[in-house]
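First comes the structure, then the notes that go with it.
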Amino acid sequence: MSKTLIDLFSQKLITWHSRHGRSGLPWQGKRDPYAVWVSEIMLQQTQVATVLERYPRFMKRFPTVKKLAAAHIDEVLAEWAGLGYYSRARNLHNCAQQVVSEFGGRFPSDPDSLEKLKGIGRSTAGAIAAFAFHARAPILDANVKRILARLFAIEGALQNKLVNDGLWSLADKLLPKKPSDMPVYTQALMDFGATWCTSRKPACLSNEKKCPFEKDCQANLINQALSFPQKIMKAKSPEFDCNMLLIRSGNSILLQKRPSRAIWGGLWSLPESNWVAKSDKKRKLPTFKNIFEESLPNENVGPWLKACKDVTLGSRIKHVFTHRRLWMQIWEVTASRNLELKSEDLRWIPIRQLGRYGLPQPIKILLQGLNLVRDGDLKN
DNA sequence: AACACGGGGGG
DNA sequence: CCCCCAGTGTT
């Protein structure tokens with residue numbers, strides 16, 4: 001009986017990796033589960049080029065899981081700012097505390113235990129177990145799903161449970177037999193999806209690259225690589241308007257800590273009014289007083305309005321999220337004196353100390369564009 | 001099963 | 001400008 005693709009896949013992939021895989025990245029070749037874990041979380045939803053800048057900085061600031069567990073969440077969020085998906089940072093912090101309190105500061109080595117930790121799903125658990133412990137555990141991120149969907153011409157949407165379960169089962173069958181091959185195999189799978197079996201320009205459609213699986217790949221054999229995996233049409237994201245207050249008093253700016261479940265959860269941002277759907281044509285134009293009342297609902301607005309002068313319409317910023325598009329109208333205000341703040345989520349931040357706070361990327365860019373922030377003020 | 005959650009790259 | 005990309009947690 002001849003060998004099938006399933007039998008040969010892992011060795012062919014490892015051979016491909018020896019010639020074309022990415023190497024020399026700072027998180028590669030490590031067996032320290034902490035270092036592996038941080039890199040895997042950071043690499044979720046974030047490109048290698050970005051992680052290349054931020055991973056060494058993070059590891060220098062939080063060199064061990066114990067240091068991370070002992071840090072204040074605001075320090076972790078400040079270090080994470082600009083990477084997006086801030087629940088990752090909150091889960092990272094939470095998970096570090098779990099590892100310290102439940103496992104004495106040592107990560108468990110089996111995928112099932114890893115998956116019980118905050119922010120670690122099945123795929124990341126597999127990656128950590130494979131890299132740090134040589135466990136024969138599969139990963140199944142979007143790159144791997146794409147590779148398998150093409151190799152085996154798998155029909156149906158990836159969201160479909162049967163399709164997803166089938167992919168996991170396939171990923172398991174394809175694992176190399178030798179546990180010692182798990183790190184290089186897992187790395188090879190990630191690299192192959194990221195650089196050769198890419199979403200839009202796969203190697204099989206390129207003149208420069210020769211795919212080692214071109215004679216095996218069911219999608220390629222029918223010239224349909226781009227048709228796998230099946231894509232689902234998604235609706236256009238709704239649009240919203242809101243107002244934001246840039247209140248200055250002397251050398252300080254009033255910032256508000258965002259609720260942890262919201263967009264930019266846990267970061268410090270400008271006080272903002274309610275979001276209004278742009279399609280809501282009946283809405284009245286808000287007055288400045290309205291904006292204040294919506295932005296600072298716990299404060300006594302009267303004294304604030306009296307203490308404010310030089311109200312000017314600032315820039316209008318568009319920001320796009322996965323499921324929303326937001327237009328932010330900035331109102332620039334000078335407060336004549338520092339007012340007493342009633343809510344704990346409000347704080348006067350000296351401009352020179354802004355770097356200590358995690359700011360949403362568009363707010364950071366806004367403040368950089370204003371001359372009131374000097375180079376270095378936003379660096380932590 | 002569907003949705004929420006940011007930011008960056010490429011056309 | 002628009003489109004594409006992407007794990008985990010929550011509901």
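All values below were derived from every heavy atom in this structure, side-chain atoms included, with hydrogens, water molecules and symmetry-related copies excluded. Labels below follow one simple rule: chain letters A, B, ... track the order of the sequence lines, proteins then strands, and each chain is numbered from 1.
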Whole-Å distance, A:Lys145 NZ to C:dG7 C1', equals 8 Å
### Message
At 4.0 Å (heavy atoms only), tell me whether A:Ile120 reaches a base, stays on the sugar-phosphate, or touches nothing.
### Response
sugar-phosphate
Step by step, would you call A:Gln44 with A:Leu83 a side chain to side chain contact (heavy atoms under 4.5 Å, CB included)? CA-CA 10 Å; A:Gln44 291 170 1; A:Leu83 289 170; over 6 Å; no
A:Arg324 has its side chain closest, among C:dG7, C:dT10, B:dA4, to B:dA4
Q) Under 4.0 angstrom, heavy atoms only, what part of the nucleic acid is A:Thr322 near: base, sugar-phosphate, or nothing? A) base
To the nearest angstrom, the CD-C1' distance between A:Gln159 and C:dG7 comes to 13 Å
| said: Mind checking if A:Ala262 touches a base, just sugar-phosphate, or nothing, with heavy atoms under 4.0 Å? | reply: sugar-phosphate
Would you call A:Asp216 and A:Lys12 a salt bridge, using N to O less than 4.0 angstrom? yes
Under 4.0 Å from OP1 or OP2 of B:dG7: is there any side-chain N or O of A:Tyr86 that close?
yes
Whole-Å distance, A:Lys231 NZ to C:dC3 C1', equals 12 Å
With heavy atoms under 4.0 Å as the rule, sort A:Arg90 into base, sugar-phosphate or nothing.
nothing
| field | Electrostatic pair A:Asp165:A:Lys161 at N-O distance under 4.0 angstrom | value | yes
To the nearest angstrom, the CZ-P distance between A:Arg88 and C:dT10 comes to 16 Å
Considering only heavy side-chain atoms of A:Gln361, the closest of C:dT8, B:dG8, B:dC5 is B:dG8
*Taking 4.0 angstrom as the limit, do A:Arg122 and A:Asp112 come out as a salt bridge?*
no
In A:Thr312, A:Ile247, A:Leu270, A:Val311, the residue satisfying side-chain contact (heavy atoms from CB on, under 4.5 Å) with A:Trp331 is A:Val311
Of the listed C:dT10, C:dT8, B:dC5, the closest approach to the A:Ile263 side chain comes from B:dC5
Between A:His323 and A:Asn160, whichever has its closest DNA chain B nucleotide further toward 5' is A:Asn160
Contacts of A:Asn91 and A:Lys318 projected onto DNA chain C by closest heavy atom; the upstream (5') one is A:Lys318
In whole angstroms, the gap separating C1' of C:dT10 from CZ of A:Arg261 amounts to 9 Å
Comparing nearest nucleotides in DNA chain C, the 5'-proximal residue of the pair A:Gln47, A:Arg122 is A:Gln47
Testing C:dG7, C:dT10, B:dG8 for proximity to the side chain of A:Thr50, the answer is B:dG8
Looking only at B:dG11, B:dG9, B:dC5, the nucleotide nearest the A:Lys201 side chain is B:dG11
Among the nucleotides C:dT10, B:dG7, C:dG7, whichever has the atom closest to the side chain of A:Thr124 is C:dG7
Rounded to whole Å, the CH2-P distance (A:Trp37 to C:dT8) equals 13 Å
Between A:Arg324 and A:Glu239 (salt bridge meaning N to carboxylate O under 4.0 Å), is one present in this structure?
no
A:Asn164 CG to B:dA2 C1', in whole Å, measures 14 Å
Looking across every strand, which nucleic acid part, if any, lies under 4.0 Å from A:Arg200 by heavy atom: base, sugar-phosphate, or nothing? base
note: A:Tyr85, atom OH; B:dG8, atom P; distance rounded to Å ~ 13 Å
